[in-house]
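One structure below.
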Amino acid sequence: MKKSFSLMEVIIAVVMLSVVMLTLLQIKSDSIFIVSKNNEQSKLIDYMQLVVNMSNEEKKNENIFLDRIYNFDNDEIRKEFKDIKIKVKSEQVDSQDYNTDSVNFKIITNANSYSINADIKKNIYTFKIEL
């Protein structure tokens, strides 16, 4: 009757445990990267929303720097805002005239595009009705 493990059995067990541990460490590393990337993109989308909420008609087709719009006493926030440039592009997408017996009106569709990086972009469409 055998009471202990052979050297080969111990080596195989250690190798299997090592592979499992390395796999778990890689999964943890990938998860941390995905969460940090998601948090970064979420923060940039929130910054873009600050510019969208301004809804200033004079801020069309230009680059907007957040540190020039918002002033904070906190130096860390000010430093973070300094590096953020939001590109704003506005264009008229469509214009249609509608003529009826009682009313004539025109619907103008405008597209406002806000982007920070090549991968973070927000499009907002507005409609204007002229009688």
Side-chain angles (χ1 to χ4, degrees):
M1 188 172 257
K2 186 175 166 183
K3 294 187 178 186
S4 64
F5 294 110
S6 69
L7 180 62
M8 188 57 84
E9 291 172 332
V10 170
I11 290 174
I12 291 173
V14 168
V15 167
M16 288 174 58
L17 283 173
S18 299
V19 169
V20 169
M21 293 300 289
L22 287 174
T23 303
L24 289 174
L25 286 173
Q26 184 64 39
I27 290 171
K28 178 185 174 191
S29 174
D30 290 346
S31 297
I32 290 172
F33 174 75
I34 289 170
V35 167
S36 67
K37 189 72 171 169
N38 186 27
N39 287 342
E40 179 183 327
Q41 284 190 341
S42 176
K43 187 188 293 186
L44 291 175
I45 289 170
D46 288 343
Y47 291 156
M48 192 181 326
Q49 191 66 36
L50 289 172
V51 173
V52 170
N53 287 341
M54 280 183 1
S55 69
N56 190 350
E57 292 298 321
E58 299 155 2
K59 302 285 185 192
K60 304 296 180 193
N61 296 323
E62 65 180 60
N63 295 329
I64 296 175
F65 295 90
L66 288 179
D67 65 330
R68 296 180 188 161
I69 297 171
Y70 297 102
N71 296 320
F72 289 98
D73 293 334
N74 188 334
D75 287 335
E76 291 178 25
I77 296 175
R78 202 175 329 159
K79 287 177 187 176
E80 190 172 340
F81 272 23
K82 188 173 187 173
D83 296 333
I84 298 177
K85 175 179 73 170
I86 299 176
K87 299 175 187 172
V88 179
K89 183 181 177 190
S90 298
E91 63 182 339
Q92 183 175 331
V93 177
D94 190 24
S95 177
Q96 293 184 355
D97 290 320
Y98 295 95
N99 298 319
T100 63
D101 294 335
S102 60
V103 176
N104 295 331
F105 61 94
K106 181 181 199 179
I107 299 177
I108 300 170
T109 306
N110 293 315
N112 297 323
S113 173
Y114 301 88
S115 62
I116 292 181
N117 297 333
D119 57 341
I120 300 176
K121 189 174 183 179
K122 184 174 194 95
N123 293 322
I124 296 178
Y125 295 92
T126 57
F127 303 96
K128 181 179 179 182
I129 299 174
E130 294 179 351
L131 297 175

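Computed from a predicted model, the values in this text were never measured in an experiment. Starting from 1, each residue takes its place in the sequence as its number.
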Would you kindly confirm whether Phe5 and Val14 end up in one hydrophobic cluster when ILVMFWY residues are joined by side chain heavy atoms under 4.5 Å apart? yes
To the nearest 0.5 Å, what is the distance between CD on Gln41 and CD1 on Ile120? 4.5 Å
Side chains of Asp97 and Asn104: does their closest heavy-atom pair fall under 4.5 Å? no
To the nearest 0.5 angstrom, please state how far the CG atom of Asn63 sits from the CD1 atom of Ile84. 13.5 Å
Once side chain to side chain donor-acceptor pair (under 3.5 Å) is applied, do any residues pair with Ser113, and if so which ones, sequence neighbours excluded? Asn123
Sidechain-backbone polar pair: Ser31 side chain, Ile27 backbone, donor-acceptor under 3.5 Å: yes
Measuring from atom CZ of Phe127 to atom CG of Asp94, what distance do you get when rounded to the nearest 0.5 angstrom? 9.0 Å
Does Val20 sit in a hydrophobic cluster with other residues, and if so which ones, taking ILVMFWY side chains as linked at heavy-atom separations under 4.5 Å, directly or through other members? Leu24
What's in the same ILVMFWY side-chain cluster as Met8, cut-off under 4.5 Å, chained through other members? Ile12, Met16
Treating Ser36 as the side-chain partner and Ile32 as the backbone partner, does any N or O pair qualify as donor plus acceptor under 3.5 Å? yes
Set of ring-ring contact (aromatic ring centres under 6.0 Å, His included) partners for Phe105, sequence neighbours left out: Tyr98
Hey, what do you get for CD1 (Ile11) to CD (Glu9), rounding to the nearest 0.5 Å? 11.0 Å
ILVMFWY cluster, Ile124 and Ile86 together (side-chain gap under 4.5 Å): yes
Non-hydrogen atoms of Ser115 and Met48 that approach each other most closely: N-SD, 4.3 Å
Between Val52 and Ile116, is there shared hydrophobic-cluster membership here, with clusters defined by ILVMFWY side-chain heavy atoms closer than 4.5 Å? yes
Heavy-atom pair with the smallest gap, counting every atom of Asn112 and Thr126: ND2-CG2, 4.3 Å
If you measure from CG on Asp30 to CD1 on Ile34, what distance do you get to the nearest 0.5 Å? 6.0 Å
If you round to the nearest 0.5 Å, how far is CG of Asn38 from OG of Ser42? 6.5 Å
Sorted by chain and residue number, the ring-ring contact (aromatic ring centres under 6.0 Å, His included) partners of Phe81 (sequence neighbours excluded) come out as Tyr47, Phe72
Hits for salt bridge (charged side-chain N to carboxylate O under 4.0 Å, His left out) against Glu130, two or more places apart or cross-chain, chain-then-number order -> Lys128
